[in-house]
Each structure stands twice: as C-alpha cells, then as structure tokens.
Amino acid sequence: QQQVKQSPQSLIVQKGGIPIINCAYENTAFDYFPWYQQFPGKGPALLIAIRPDVSEKKEGRFTISFNKSAKQFSLHIMDSQPGDSATYFCAASSHGGFKTIFGAGTRLFVKA
Amino acid sequence: DTEVTQTPKHLVMGMTNKKSLKCEQHMGHRAMYWYKQKAKKPPELMFVYSYEKLSINESVPSRFSPECPNSSLLNLHLHALQPEDSALYLCASSQGQSETQYFGPGTRLLVL
C-alpha cells in the first residue's frame with residue numbers, strides 16, 4: 001500500500017514529441033505528489049508538484065494531470081527537447097510524515 | 001538560495017577505513033535526510049533528522065552513523081563498510097513534513 005507504481009521504465013521520443021509518464025498509488029493518505037528530474041551523476045531536482053485538491057498543474061512545458069478517484073497521476077512534457085533526456089521519478093508523501101515514496105523511475109531519451 | 005551542498009563529491013575507501021560525508025543547507029529547513037541511491041534505482045531513505053533530532057532510521061546497519069551538529073549541517077560517518085555499500089549518497093532538506101525536498105549533488109562512494 002506504500003508503493004508508487006511508475007511506468008514506463010524507459011521511453012524514447014523524437015524532439016518535439018510529448019512523452020507521458022504514469023504513476024499509480026494505493027495509499028489515500030498521500031497528499032503531496034512531486035516529480036523529480038535526475039541527470040546522470042547529479043541529485044534529483046524538483047520539477048513540478050501537485051496536491052490532490054487540483055486536477056492539473058502546468059509549469060512551462062511540464063504538466064501534471066491528477067485523477068484522485070483513480071489514484072493516478074501523470075507527467076506530460078510538451079515540445080520535448082534533447083536536454084530533457086534524464087530519469088524522471090514520481091513520488092508521494094502523506095501529511096504528517098517525512099517519508100517520500102519514490103516510483104521506480106523512467107529513463108527518457110529525446111532524439112534530436 | 002535553494003542549494004544543498006555535499007562534500008566530498010567522490011570518495012574511495014577500503015573496508016577498514018573511517019570516513020565522513022558532509023551536507024550543508026542555509027535555507028532554514030528544519031528537516032534533513034540521508035538517502036542511498038544505486039544505479040538505475042530510486043533513492044532509498046536512510047535517516048531523517050527533524051529539529052536536529054533523529055526522527056527516522058530505516059533499519060540502516062550500524063556501520064552508518066548519522067550526526068546533526070546543528071540545524072544547517074548533517075554528517076554521515078562511515079566505518080567498516082562493505083563493497084555493496086558503494087552507491088551515490090544523497091542529502092536532502094525540507095521545510096517540514098510532506099514538503100518539497102531539495103537534494104544535494106551527492107557523494108559517489110566506492111568501497112574496495
């Protein structure tokens with residue numbers, strides 16, 4: 001119940017394409033859902049985050065869609081660029097807790 | 001300033017050595033974290049300090065010993081490590097519970 005399931009494991013898209021990464025959770029106590037981007041040899045960096053009171057959040061080319069009833073959320077990257085090639089982790093945490101549960105990660109490669 | 005710094009960037013140690021990893025943040029965050037990350041895997045939580053007190057220990061072997069000297073600093077003391085402890089060690093901080101965690105660049109540790 002503490003898991004966050006992320007798919008796909010890897011993704012290859014052409015430049016300008018719209019990669020979509022999906023995550024699902026079981027624990028209804030989760031109330032904060034961040035996405036992290038990680039480049040090789042670097043620490044994860046927060047990309048965008050959402051709380052369950054909204055269904056969509058957009059920041060630049062990155063959009064989170066959130067479906068509370070289905071317990072699913074996804075990341076869309078508009079007009080993807082080769083510089084977006086990285087590993088993306090979805091995550092979830094619950095109110096009153098320090099523990100963040102990470103998905104397994106998606107390795108994205110954007111072809112020029 | 002949303003920076004978490006970690007030293008050293010790289011560390012090679014033998015199984016009988018004693019070494020320490022250091023982490024620093026000046027964002028006024030009251031929670032600090034140690035994570036371990038193996039290649040192609042998500043970060044795994046090791047320890048959480050809240051208000052300079054150990055809040056979470058994820059059953060980490062005693063050869064890893066955390067220390068929080070003050071609200072800005074976090075250390076991880078290493079002793080008698082095993083080759084399987086080789087990984088990227090990440091420090092993170094957050095304002096509080098269920099809040100964005102800001103990660104440092106990590107220390108790449110190799111145990112010979």
Side-chain angles (χ1 to χ4, degrees), chain A residues 2-11 21 23 25 27-53 57 59 62 64 75 85-109, chain B residues 2-7 9-10 21 23-25 27 29-51 53-59 66 68 74 87-110:
Chain A
Q2 280 289 88
Q3 283 186 327
V4 176
K5 293 183 180 177
Q6 183 172 347
S7 62
Q9 190 174 9
S10 62
L11 193 50
I21 304 170
C23 288
Y25 64 97
N27 188 349
T28 54
F30 287 149
D31 68 347
Y32 181 66
F33 302 89
W35 284 88
Y36 287 91
Q37 178 189 55
Q38 186 174 25
F39 294 104
K42 305 288 186 185
L46 179 73
L47 198 58
I48 186 172
I50 198 167
R51 294 199 185 266
D53 50 346
K57 183 174 181 181
E59 285 185 6
F62 301 94
I64 300 179
L75 176 71
S85 298
T87 298
Y88 293 81
F89 293 100
C90 63
S93 62
S94 55
H95 180 69
F98 288 108
K99 210 166 169 178
T100 294
I101 308 299
F102 286 86
T106 296
R107 299 181 77 188
L108 171 67
F109 181 67
Chain B
T2 57
E3 190 180 27
V4 176
T5 59
Q6 288 187 245
T7 56
K9 288 185 180 177
H10 302 276
L21 309 185
C23 173
E24 192 166 3
Q25 58 90 11
M27 294 178 277
H29 288 171
R30 304 317 304 243
M32 295 186 76
Y33 310 73
W34 280 115
Y35 286 87
K36 173 183 176 179
Q37 187 178 28
K38 293 281 220 181
K40 300 183 183 181
K41 296 290 186 183
E44 294 175 46
L45 183 64
M46 300 174 72
F47 303 102
V48 181
Y49 273 83
S50 174
Y51 289 89
K53 288 195 167 90
L54 185 62
S55 178
I56 295 177
N57 177 341
E58 290 286 278
S59 303
C68 188
L74 187 65
L88 181 68
Y89 286 84
L90 294 162
C91 174
S93 70
S94 69
Q95 185 62 41
Q97 296 168 340
S98 193
E99 296 286 343
T100 299
Q101 292 183 25
Y102 294 90
F103 284 84
T107 293
R108 176 74 59 189
L109 174 66
L110 177 62

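Here the structure is a predicted model, which means the values were calculated and not measured. Each chain gets a letter, A, B and so on, in the order its sequence line appears, and its residues count up from 1.
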Check each atom of [X] against the heavy atoms of chain B and say whether the ones under 4.5 Å are side chain, backbone, both or neither.
X	result
A:Pro44	both
A:Phe98	both
A:Thr87	neither
A:Gln38	side chain

side-chain contact (heavy atoms from CB on, under 4.5 Å) assessment of B:Leu45 paired with A:Phe102: CA-CA 10 Å; B:Leu45 183 64; A:Phe102 286 86; over 6 Å; no

Option that, when pairs with chain A are counted at under 4.5 Å, heavy atom only, ranks first among [options]:
options	answer
B:Pro43, B:Gly104, B:Gly106, B:Ala31	B:Pro43
B:Ser50, B:Ser94, B:Ala39, B:Cys91	B:Ser50
B:Gln6, B:Arg108, B:Glu99	B:Glu99

Minimum heavy-atom distance B:Leu88-A:Lys42, with the two atoms named: CD2-O, 4.1 Å

Heavy atoms from other residues, nucleotides or ligands near CD of A:Glu59 exceed 12 (cutoff 6.0 Å): yes

Atom NZ of B:Lys38: over 12 foreign heavy atoms under 6.0 Å: yes

Set of residues satisfying salt bridge (Lys or Arg N to Asp or Glu O under 4.0 Å) with respect to A:Arg107, sequence neighbours excluded: none

Option in A:Gly103, A:Pro40, A:Gly43, A:Ser94 with maximal non-hydrogen atom pairs under 4.5 Å from chain B: A:Gly43

Engaged part of [X] at the chain A interface, taking heavy atoms whose separation is under 4.5 Å:
X	answer
B:Gln101	both
B:Ser55	side chain
B:Glu44	neither

